[in-house]
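Scroll down for the structure; my scribbles are underneath it.
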Amino acid sequence: MIQPPTSIQQLANRAGELAGKTIAQIAAQFEDKIPSTLKRKKGWQGQLIEKCLGADSGNLSQPDFSLIDVELKTLPINLLGKVQESTYVCVVNINNRLGEQWRDSVVFHKLRHVLWVPIAKQGKDSLADSLVGTPFFWEMSEQQESIIRSDWENAMELISMGSIHQLNAGMGEILQVRPKAAHSRVVTDSIDEQGNSALTLPRGFYLRPQFTQSLLYQNLLVL
DNA sequence: GAATGATCATAT
DNA sequence: ATATGATCATTC
């Protein structure tokens with residue numbers, strides 16, 4: 001068990017050690033068996049990096065490194081540096097904390113300061129050979145915040161009106177809302193437009209790949 | 001090929 | 001049931 005980092009510098013040092021290593025090299029330190037595919041182990045890579053860096057928040061709704069308030073995100077890319085997937089941020093609070101302010105939201109706290117760890121897959125199924133790129137820190141700028149805040153407020157507005165059924169992945173310039181559940185029959189409590197209790201599919205907030213791609217380009221990726 | 005909706009594993 | 005870690009797979 002690696003201790004949680006007590007300073008940004010300490011985290012930066014640890015993260016820097018990962019650059020240029022393969023997943024196999026990193027997993028070897030923990031004697032972890034590498035899955036042949038992520039098909040049934042979708043969170044495996046992210047959790048491996050968490051272990052290396054000392055993330056201590058478990059599944060609490062707070063940034064991964066609790067002592068320094070930094071969130072960790074792995075960023076799947078290809079060898080050309082192209083982002084391959086959207087980035088999950090957190091669950092959408094559908095029937096809880098309605099009326100909360102942006103700066104008190106989980107989205108804001110998680111995205112305020114993020115350590116991105118790019119991971120490049122070599123081929124179609126070579127997890128072990130995947131290369132870790134140069135990790136980089138990102139602090140949300142005022143301009144970025146205004147867009148993300150607006151995306152968040154628009155989504156929360158619909159939900160508070162009981163119109164979550166109108167929410168779809170096409171909305172939101174940077175932050176979008178998509179299903180987040182074990183399968184499509186899962187339901188969670190919500191309210192309908194008449195204010196009555198209702199059931200709906202759980203949703204999550206995600207960052208569009210276009211946005212994380214721009215962050216990557218701004219940070220001179222070196223593999 | 002990108003984007004949306006669906007899904008997988010695990011911890012609490 | 002709901003939070004974490006996400007990617008898969010079908011549709012557009």
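Throughout, a chain's letter reflects where its sequence line sits, starting with A, and its residues are numbered from 1. Keep in mind that the numbers below use all heavy atoms, side chains included, and drop hydrogens, waters and symmetry copies.
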Pair A/Q62-A/S66, side-chain donor/acceptor within less than 3.5 Å: no
Donor-acceptor pair between A/N13 and A/E17 side chains, under 3.5 angstrom: no
Set of side chain to side chain donor-acceptor pair (under 3.5 Å) partners for A/K42, sequence neighbours left out: none
Partner residues of A/F108 under the ring-ring contact (aromatic ring centres under 6.0 Å, His included) criterion, sequence neighbours left out: A/W102
Sugar-phosphate only, base, or nothing, as touched by A/P76 at under 4.0 Å among non-hydrogen atoms: sugar-phosphate
Nucleotide C/dT2, atom C1' - distance to CZ of A/F205 in whole Å: 16 Å
Sugar-phosphate, base or nothing in reach of A/Q84, heavy atoms under 4.0 Å: nothing
Between C1' of C/dC8 and CD of A/Q45, the distance in whole Å: 14 Å
Protein-to-nucleotide contact annotation, 5' to 3' order, nucleotides 4-12 of chain B [B base; S sugar-phosphate only; - none; under 4.0 Å, heavy atom]: BBBBBSSBS
Test item: A/F137 and A/V70 side chains (from C-beta on) under 4.5 Å apart, heavy atoms: yes
Whole-Å distance separating the CG atom of A/N96 from the P atom of C/dT2: 10 Å
Sugar-phosphate, base or nothing in reach of A/T74, heavy atoms under 4.0 Å: sugar-phosphate
Atom pair distance, as rounded to whole Å: CG in A/N95 and P in C/dA3: 11 Å
Short side-chain donor-acceptor distance under 3.5 Å, A/S141 and A/Q144: yes
Interatomic distance, A/L60 CG vs C/dG5 P [rounded to whole Å]: 10 Å
Sugar-phosphate, base or nothing in reach of A/E71, heavy atoms under 4.0 Å: sugar-phosphate
